Amino acid sequence: QVQLVESGGGLVQAGGSLRLSCAASGVTFSDYTMGWFRQAPGKEREFVGSVSWRADRTVYADSVKGRFTISRDNAKNTVYLQMNSLKPEDTAVYYCALDSRRFRYTGTKTYDYYYWGQGTQVTVSS
């Protein structure tokens, strides 16, 4: 079965950096767009960014544009989220997600994605 496992979360001071990883198994990873979402306490899950199956298109939420970078290594079945210049408002549980369909430039909604990881906590202190 499909599994997505995030890692790399932790506690960091404002202005610092973290890199999250998401390893996929049980799926032809290179066929699917991958997304990152986050959810802060008491808030809805929100789109952070996505990278297309062949990494020719990345999309970012306005709130992270210029600070976060998504990349993927299809040989390692892994997608990354490099987070720089972190702010306290970036504190959330971060989830990776796999598109519900192959070979498409996926949207920014949670219902565009079918499989989800368990999440990794990112806490940014001020």
Side-chain angles (χ1 to χ4, degrees):
Q1 70 276 22
V2 177
Q3 282 194 314
L4 302 175
V5 179
E6 301 100 335
S7 60
L11 174 65
V12 63
Q13 288 189 331
S17 298
L18 280 175
R19 188 175 85 152
L20 306 184
S21 300
C22 170
S25 60
V27 65
T28 305
F29 179 76
S30 57
D31 290 354
Y32 294 89
T33 288
M34 294 295 296
W36 284 98
F37 288 75
R38 65 186 182 186
Q39 188 166 18
K43 295 188 176 181
E44 292 188 352
R45 192 168 298 189
E46 66 174 2
F47 176 77
V48 173
S50 64
V51 57
S52 61
W53 71 99
R54 55 188 179 189
D56 60 334
R57 182 179 298 182
T58 53
V59 178
Y60 296 96
D62 288 343
S63 59
V64 306
K65 204 170 292 184
R67 300 188 298 122
F68 290 11
T69 302
I70 297 175
S71 60
R72 66 190 295 159
D73 185 339
N74 286 343
K76 295 183 178 180
N77 286 2
T78 301
V79 62
Y80 304 97
L81 179 64
Q82 177 66 45
M83 305 184 294
N84 298 330
S85 303
L86 282 161
K87 305 175 181 180
E89 52 263 44
D90 294 318
T91 295
V93 177
Y94 283 71
Y95 299 89
C96 66
L98 185 141
D99 192 3
S100 59
R101 291 168 58 186
R102 302 164 67 193
F103 305 127
R104 72 167 184 174
Y105 295 108
T106 307
T108 64
K109 306 299 184 182
T110 55
Y111 56 69
D112 290 319
Y113 297 84
Y114 191 73
Y115 292 101
W116 295 80
Q118 83 288 351
T120 186
Q121 176 70 47
V122 171
T123 303
V124 184
S125 63
S126 56

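Small disclaimer: the values here were computed from a predicted structure and weren't measured.
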Quick one: are [X] and [Y] in side-chain contact, heavy atoms under 4.5 Å?
X	Y	answer
Val12	Met83	no
Phe47	Thr110	no
Phe68	Leu86	yes
Tyr105	Val59	no

Gap between atom [atom2] of [Y] and atom [atom1] of [X] - 0.5 Å precision:
X	Y	atom1	atom2	result
Tyr95	Cys22	OH	SG	13.0 Å
Asn74	Arg54	CG	CZ	11.5 Å
Tyr115	Met34	OH	CE	12.0 Å
Gln82	Ile70	CD	CD1	11.5 Å
Arg38	Arg45	CZ	CZ	13.0 Å

Provide the closest heavy-atom pair for [X] versus [Y] in the form atom of the first, atom of the second, distance.
X	Y	result
Ala92	Gln121	O-NE2, 3.5 Å
Tyr94	Val48	CE2-CG2, 4.2 Å
Pro88	Ala14	CD-CB, 4.1 Å
Ser17	Ser85	OG-N, 4.3 Å

In this structure, would [X] and [Y] fall into the same cluster of hydrophobic residues linked by side-chain contacts under 4.5 Å?
X	Y	result
Val122	Leu11	no
Phe29	Val2	yes
Leu98	Trp116	no
Val79	Tyr114	yes

N/O donor-acceptor pair under 3.5 Å between [X] side chain and [Y] backbone:
X	Y	answer
Thr91	Val124	yes
Arg57	Ser50	no
Glu6	Cys96	yes

Parallel, tilted or perpendicular: rings of Trp53 and Phe103 (30°, 60°):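 Taking Trp53 first and then Phe103, their aromatic rings stand perpendicular (interplane angle over 60°).
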Mutual orientation of the aromatic rings belonging to Phe37 and Tyr113 [parallel < 30°, tilted 30-60°, perpendicular > 60°]: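 Geometry flag for Tyr113 against Phe37: perpendicular rings.
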Lys87/Asp90 ion pair, N-O < 4.0 Å: no
side-chain hydrogen bond (donor to acceptor under 3.5 Å, both in side chains) contacts in which one or both residues fall within residues 26-36, not counting sequence neighbours: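 Every side-chain hydrogen bond (donor to acceptor under 3.5 Å, both in side chains) pair that includes a residue of residues 26-36, provided the two are not neighbours, is Asp31-Arg102.
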Greater than 12 external heavy atoms within 6.0 Å of Lys65's NZ: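 Yes, because the 6.0 Å sphere around NZ of Lys65 holds more than 12 heavy atoms from other groups.
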More than 12 heavy atoms of other groups within 6.0 Å of Arg104 CZ: yes
Side chain to side chain contact (heavy atoms under 4.5 Å, CB included) against Tyr80, all qualifying residues, sequence neighbours excluded: Arg19, Ser21, Ser71, Asp73, Lys76, Thr78
